[in-house]
Participant: 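Below is a structure I'd like to ask you about.
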Amino acid sequence: MIADILVAGLVFGSLYGLVAMGFNVLHRPTNVVNFAQGELIMIGAMLMAATPIGRLPWGIAVLCVMAVVGVVTLAEERVAVTPVLRRSSHAAGWVITTLAFSLLIAEAAGRLWTDQPSTVAPPWPLSLDVNHVAGFRFSSYQVAVVAVAVAVVLLLGLLDRSRLGTALRAVAADRDGARLRGIDPRALTRRSFLLGGALAGLTGVLAAPLLLASVTMGLGLLIKGFAALAVGGIGDNRGVLVAGWVLGTVEAAGAAYASPGSQSVVLLAAMLLILLVRPNGLRGLAVQRHV
């Protein structure tokens, strides 16, 4: 029982961590939390399940999905984020505009596809067949999902230490000051939204074989990804992955020892408890700003 809980926690927690990393990528240059992130992930899953893209070779299909979702996210940046930031970089109107964009995506998806969940097969040679090793039961695809989440954290860490990462931090700290130093905040924002959209598409592709692709899957991933973001700390990609694993394990334990219907309640209760003890996140990295 405990072994099954740990496996489920790592696998589904990796998905929650990837959702939170997508939040971080978009938040870095704009200080905007994108509440359409769940629906962007849903698009990625549905493109694999219900369009000809899913019949392409898996590697090509993933690149196509990431490109399509990236373009959709760029459209969101144009219509739902930039107009708000143009008026004031400290305005919070993006809460409404990104939620509105999320509703538009959900409405369009409901017209394009049915609400019946669709299965998506893992790419060869991976499978969902269960292997038994030292008392643990897991599939090769589950191992791959955890490995991809770790790889994304490492790649984002390399990006953060690059010149682009330094520029993104400057824009996040002070858009006007960065502009005076020759940095174009709008160009960096577009790059971040393209990257964040591609990551959302990848997350949807990874989630589809495990959760089943459905037009209703976005909200649940949005809430759980946001919980991982809150617990792990905004901007801390390693922290949000660890938080995803912790919350995924708590969720699995709630399903095992209480009832499957209480998973969300147990997860949110755990999030509140952790934040009461560690208000700056699990890794305790306080946000500092020099004025």
Side-chain angles (χ1 to χ4, degrees), residues 6-30 33-34 37-38 40-41 44-45 59 62-63 65-66 69-70 73 126 138 140-169 172 188 191-211 221-252 267 271 274 278 280-287:
L6 291 176
V7 170
L10 283 176
V11 174
F12 291 101
S14 294
L15 293 178
Y16 306 156
L18 285 169
V19 178
M21 287 179 233
F23 279 124
N24 277 337
V25 169
L26 300 183
H27 181 270
R28 176 56 63 84
T30 60
V33 177
N34 181 27
Q37 195 73 7
L40 294 171
I41 292 168
V62 172
L63 292 177
V65 169
M66 293 172 70
V69 180
T73 313
L126 302 176
F138 56 87
S140 58
Y141 184 72
Q142 290 175 321
V143 174
V145 168
V146 177
V148 169
V150 173
V152 170
V153 168
L154 296 177
L155 289 173
L156 290 177
L158 292 175
L159 176 64
D160 192 51
R161 289 190 291 273
S162 68
R163 291 184 63 184
L164 176 59
T166 302
L168 287 171
R169 288 195 299 273
L188 289 178
R191 291 183 189 180
S192 294
F193 269 72
L194 183 61
L195 177 59
L199 180 54
L202 175 62
T203 305
V205 170
L206 294 174
L210 296 172
L211 300 177
L221 286 172
L222 174 73
I223 293 172
K224 293 168 184 177
F226 188 80
L229 180 72
V231 172
I234 294 178
D236 184 358
N237 290 314
R238 293 184 181 183
V240 299
L241 180 58
V242 172
W245 289 339
V246 170
L247 294 176
T249 302
V250 169
E251 182 184 43
L267 184 145
M271 180 189 73
I274 292 171
R278 306 283 294 182
N280 292 320
L282 286 176
R283 287 173 22 108
L285 300 180
V287 177

Participant: Mind listing the closest non-hydrogen atom pair of V19 and L221 along with its distance?
Facilitator: CG1-O, 3.6 Å
Participant: Looking only at non-hydrogen atoms, find the nearest pair between L26 and P29 and report the distance.
Facilitator: O-CD, 3.5 Å
Participant: Closest approach of A20 and G225, non-hydrogen atoms and distance?
Facilitator: CB-O, 3.5 Å
Participant: Side chains of residues 192-203: which donor-acceptor pairs under 3.5 Å do they make with residues two or more places apart or in other chains?
Facilitator:
{"unit_1": "S192", "atom_1": "OG", "unit_2": "L188", "atom_2": "O", "d": "3.1"}
{"unit_1": "T203", "atom_1": "OG1", "unit_2": "L199", "atom_2": "O", "d": "2.8"}

Participant: Step by step, would you call V231 with R278 a side-chain contact (heavy atoms from CB on, under 4.5 Å)?
Facilitator: CA-CA 8 Å; V231 172; R278 306 283 294 182; over 6 Å; no
Participant: Between L211 and F12, is there a side-chain heavy-atom distance shorter than 4.5 Å?
Facilitator: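 In short, these two side chains touch, coming nearer than 4.5 Å.
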Participant: Not counting sequence neighbours, which residues clear side-chain contact (heavy atoms from CB on, under 4.5 Å) with L222? List them please.
Facilitator: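 With neighbours one apart ignored, the set is F23, Q37, L219.
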Participant: What pairs of residues pass the side chain to side chain donor-acceptor pair (under 3.5 Å) test when at least one of them lies in residues 149-158, not counting sequence neighbours?
Facilitator: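 Output for this query is empty, none listed.
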Participant: Distance-only criterion, 3.5 Å: show the donor-acceptor pairs between side-chain atoms of residues 152-159 and protein atoms not counting sequence neighbours.
Facilitator:
none

Participant: Once you round to the nearest 0.5 Å, how far does CG of L229 lie from CE of M21?
Facilitator: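 Here the rounded value is 11.0 Å.
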Participant: Indicate every side-chain donor-acceptor pair of residues 240-252 with a distance under 3.5 Å to a residue at least two apart or in another chain.
Facilitator:
{"unit_1": "W245", "atom_1": "NE1", "unit_2": "L10", "atom_2": "O", "d": "3.4"}
{"unit_1": "W245", "atom_1": "NE1", "unit_2": "S14", "atom_2": "OG", "d": "3.0"}
{"unit_1": "T249", "atom_1": "OG1", "unit_2": "W245", "atom_2": "O", "d": "2.8"}
{"unit_1": "E251", "atom_1": "OE1", "unit_2": "Y16", "atom_2": "OH", "d": "2.6"}
{"unit_1": "E251", "atom_1": "OE2", "unit_2": "Y16", "atom_2": "OH", "d": "3.4"}
{"unit_1": "E251", "atom_1": "OE2", "unit_2": "K224", "atom_2": "NZ", "d": "2.7"}

Participant: Using a 6.0 Å cut-off, check whether atom OH of Y141 has over 12 heavy atoms from anything other than its own residue.
Facilitator: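 Yes, because the 6.0 Å sphere around OH of Y141 holds more than 12 heavy atoms from other groups.
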Participant: Any side chain to side chain donor-acceptor pair (under 3.5 Å) pairs touching residues 144-160, not counting sequence neighbours?
Facilitator: R28-D160, D160-R169
